[in-house]
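Inspection log for the structure reproduced underneath, given as structure tokens.
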2 protein chains.
Amino acid sequence: MTDSQAHEQADGHSDFVEDLASLTPTVLASYSRIEDERLRELVTSAISHLHAFVREVGLTNQEWRQALDFVNALGRGAGPGSNRAMALSDLLGVSTLVCLLEDTAVTGGAHHTASSVLGPVWRQGAPFVESGGSLLRSETPGEPLLFTGRVLDPSGNPLPDVTVHVWQATPDGLYENQDEEQEEMNLRARFTTGADGTFQFRSVLPGGYPIPTVEPLGTMLRLAKRPAWRPAHIHFMLHREGLRTLVTQIFHPLDPHLHQDAAFGATKDLMMGGFEEHTGPAPEPGIEGTWYTAEETFVMVPGESVVPAAPIE
Amino acid sequence: MTDSQAHEQADGHSDFVEDLASLTPTVLASYSRIEDERLRELVTSAISHLHAFVREVGLTNQEWRQALDFVNALGRGAGPGSNRAMALSDLLGVSTLVCLLEDTAVTGGAHHTASSVLGPVWRQGAPFVESGGSLLRSETPGEPLLFTGRVLDPSGNPLPDVTVHVWQATPDGLYENQDEEQEEMNLRARFTTGADGTFQFRSVLPGGYPIPTVEPLGTMLRLAKRPAWRPAHIHFMLHREGLRTLVTQIFHPLDPHLHQDAAFGATKDLMMGGFEEHTGPAPEPGIEGTWYTAEETFVMVPGESVVPAAPIE
């Protein structure tokens with residue numbers, strides 16, 4: 001058998017494998033006909049790194065079959081309410097990496113608020129609440145929090161009419177969709193920034209929580225001896241036409257588990273600004289004992305206003 | 001907020017993300033507690049290459065969400081009879097890469113037959129057939145093929161008592177499990193090598209075929225303008241206690257589509273040896289017109305005898 005006996009494809013491409021050394025270039029060439037330049041770049045880089053990984057570790061057939069089983073287990077049951085692939089991405093730090101890279105790329109160095117992972121529990125359709133109103137729709141024990149947000153452009157000018165989605169867990173670490181005790185949409189709301197770019201709300205301090213892990217992710221964390229912990233945080237998504245949608249989280253800076261974020265979401269830039277503990281008279285009725293204030297400034301940059309598909313219904 | 005306010009984990013580990021540059025080392029450190037050395041090596045290399053890919057292309061959130069959807073689509077419906085993750089591995093050349101790497105690693109340079117991908121259609125329980133018997137269990141039009149196999153150790157000594165699984169498609173490119181016209185287990189059999197290490201069977205020349213593609217693989221091939229073609233081949237799996245199981249394929253060396261193998265399985269080492277076309281009297285009754293002979297020598301090396309789980313039932 002000589003090569004001349006085997007006809008190449010009409011355009012000169014060949015998927016015939018001469019040897020181990022030439023296999024990767026052969027595979028890369030076979031995907032070089034993708035017309036979209038960006039897609040071709042992504043596929044080429046992904047194949048290169050996948051092959052480099054396999055070669056570097058000398059992957060065996062048995063190990064590869066286990067890896068394929070892992071991939072199959074990820075997608076099994078995928079649908080509204082279950083996105084194990086996204087959860088894996090969080091647990092491998094890739095979600096945060098993508099956020100930080102995109103921040104760098106699209107802001108062109110402009111001052112902006114760091115983005116963070118969307119997470120698996122954002123819901124569409126949370127009620128619009130007047131600025132100053134409460135996130136609570138059912139009685140929710142916890143330490144009162146008065147939050148003030150300001151939304152600015154990179155030059156420091158206030159940005160009015162920005163839609164701000166806010167969602168958080170209870171002090172026990174439960175979102176309303178995970179907890180029968182809570183009313184529908186408890187601790188979820190949408191606000192609209194006023195002429196001065198601000199919005200305010202009353203809530204309770206959120207709690208940290210162990211993330212619910214399904215297989216194969218639970219086994220992965222256990223083998224790595226990684227705690228399945230997320231430190232306390234509040235989620236925000238801000239959008240307005242003409243501005244790059246900002247998905248971010250704000251962390252309780254005194255949370256004892258800040259160094260144990262299974263999702264690598266806790267970054268230096270995302271600590272609640274102006275976080276203060278208070279005792280004594282509060283500016284609002286019904287607050288006794290210890291209460292907290294927190295302020296945060298969100299800086300949005302011009303760009304595409306994309307509202308992603310909600311991970312759960 | 002200073003770092004001293006955030007407590008590190010008891011063993012000094014921290015998942016807190018200082019900045020984009022330190023993210024990858026932070027993630028790698030968080031998986032460094034895996035006890036099994038080989039698993040730690042695999043996970044570390046996989047994370048490194050995954051992050052390197054994301055950084056190299058500057059992956060955006062939108063692109064990453066599409067990639068996660070792709071992963072979810074792969075696993076949806078995974079089970080006996082459906083393994084899209086394995087099919088993707090074939091289409092990216094990774095299955096062949098793993099085979100060739102394992103060949104190099106475990107044979108220690110000993111002369112051996114190259115392994116090839118198992119593919120998605122091997123079934124357990126094919127009937128044992130006496131050497132010289134037929135693969136056909138129902139009338140199967142096609143050009144007759146008389147196949148002679150020899151199984152040797154690296155020194156050239158015959159290996160008796162080797163179990164040889166053989167499976168192939170019809171000239172129309174259909175396996176029996178895809179075709180109502182064929183009897184159960186048509187073109188599938190098991191043989192046992194004799195004292196001289198040989199086995200023989202009568203069959204028909206297999207045909208090449210377009211692989212059945214389900215989403216998201218069909219779209220991937222279409223975008224890459226890759227034909228979904230597999231050139232004609234016969235599958236073999238040889239095993240005996242004390243010998244490394246040999247999974248391989250033999251290709252028809254005159255197949256016009258040798259350069260279009262979507263699975264990158266056609267390699268130089270896997271062309272049918274001693275392939276010859278004949279006319280005139282045949283050594284067996286019932287053969288008229290053109291018929292073929294093919295010979296192949298399989299060289300097995302000492303090692304682990306693993307029979308994998310069957311991809312289909």
Side-chain angles (χ1 to χ4, degrees), chain A residues 1 5-9 14-18 20 23 27 30-31 33-34 41-42 45-47 49 51-54 56-61 64 68 71-72 74-76 78 85-86 89 92-94 96-98 100-102 105 223-226 253 256 258-261 264 266-268 271, chain B residues 1 5-9 14-18 20 23 27 30-31 33-34 41-42 45-47 49 51-54 56-61 64 68 71-72 74-76 78 85-86 89 92-94 96-98 100-102 105 223-226 253 256 258-261 264 266-268 271:
Chain A
M1 161 67 198
Q5 289 176 268
H7 312 281
E8 291 188 359
Q9 294 175 49
S14 169
D15 293 337
F16 192 80
V17 177
E18 291 292 326
L20 178 57
L23 173 60
V27 174
S30 83
Y31 286 91
R33 284 167 292 192
I34 296 173
E41 180 188 10
L42 294 175
S45 178
I47 292 175
H49 282 287
H51 279 230
F53 157 69
V54 169
E56 181 176 297
V57 299
L59 203 66
T60 69
N61 271 292
W64 186 233
L68 296 177
V71 171
N72 279 325
L74 280 182
R76 208 168 278 140
M86 181 183 277
S89 165
L92 296 180
V94 178
T96 294
L97 179 57
V98 170
L100 297 182
L101 282 171
E102 192 177 286
L223 285 171
K225 304 188 201 306
R226 294 197 71 209
L258 270 184
H259 280 263
Q260 293 190 316
D261 190 349
F264 301 98
T267 69
K268 213 164 56 175
M271 296 305 116
Chain B
M1 159 68 195
Q5 290 177 267
H7 312 280
E8 291 187 0
Q9 294 175 49
S14 170
D15 293 337
F16 191 79
V17 177
E18 291 293 326
L20 178 57
L23 174 59
V27 174
S30 83
Y31 286 91
R33 282 166 293 193
I34 296 172
E41 180 188 10
L42 294 175
S45 178
I47 291 174
H49 282 287
H51 279 232
F53 157 68
V54 170
E56 182 176 298
V57 299
L59 203 66
T60 69
N61 270 293
W64 186 232
L68 296 177
V71 171
N72 279 324
L74 281 181
R76 209 169 279 139
M86 181 183 277
S89 164
L92 296 180
V94 178
T96 293
L97 179 57
V98 170
L100 297 182
L101 282 171
E102 193 178 285
L223 286 170
K225 305 188 202 305
R226 295 197 70 209
L258 271 184
H259 280 263
Q260 294 191 317
D261 189 349
F264 301 97
T267 69
K268 214 165 53 173
M271 296 303 117

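Below, chains carry the letters A, B, ... as their sequence lines are ordered, and counting in each starts from 1. Below, each value reflects all heavy atoms present in this structure, side chains not excepted, and no hydrogens, waters or symmetry copies.
The parts of B:L74 that come within reach of chain A are both its backbone and its side chain, each placing non-hydrogen atoms under 4.5 angstrom from that chain. In this structure, chain B has heavy atoms under 4.5 Å from both the backbone and the side chain of A:L223. Contact of B:A105 with chain A is not made at all, since no heavy-atom distance falls under 4.5 Å. Of the atoms belonging to A:L68, heavy atoms from both backbone and side chain fall under 4.5 Å from chain B.
The greatest number of non-hydrogen atom pairs below 4.5 Å with chain A, out of B:V98, B:T96, B:V71, B:L59, is found for B:V98. Put simply, of A:A52, A:S89, A:S30, A:A85, the one with the most heavy-atom pairs under 4.5 Å next to chain B is A:S30. For the set B:V27, B:L100, B:I47, the count of heavy-atom pairs under 4.5 angstrom toward chain A peaks at B:V27. Of the listed residues (B:E41, B:M86, B:E102), the greatest number of heavy-atom pairs within a distance under 4.5 Å of chain A belongs to B:E102. Of the listed residues (B:V57, B:L101, B:V54, B:T60), the greatest number of heavy-atom pairs within a distance under 4.5 Å of chain A belongs to B:V57. Of all the listed residues (A:S45, A:G58, A:G93, A:A46), the one sharing the greatest number of non-hydrogen pairs under 4.5 Å with chain B is A:S45.
For B:R76, the salt bridge (Lys or Arg N to Asp or Glu O under 4.0 Å) criterion is met by no residue, not counting sequence neighbours.
Side chains of B:L97 and A:L20 form a contact here, defined as non-hydrogen atoms less than 4.5 Å apart.
The two atoms that bring A:A266 and B:F16 nearest to each other are O-CD1, 3.7 Å, heavy atoms only. For the pair B:K225 and A:R33, the tightest heavy-atom approach, listed with the atom from each and the gap, is CE-O, 3.5 Å. Of all the heavy atoms in B:K268 and A:E18, the pair that sits closest is CD-OE1, 3.1 Å. Closest approach of B:W64 to A:V94, counting heavy atoms only: CZ2-CG1, 3.3 Å.
Annotation: the span from B:L92 atom CG to A:H51 atom NE2 amounts to 6.5 Å, rounded to 0.5 Å.
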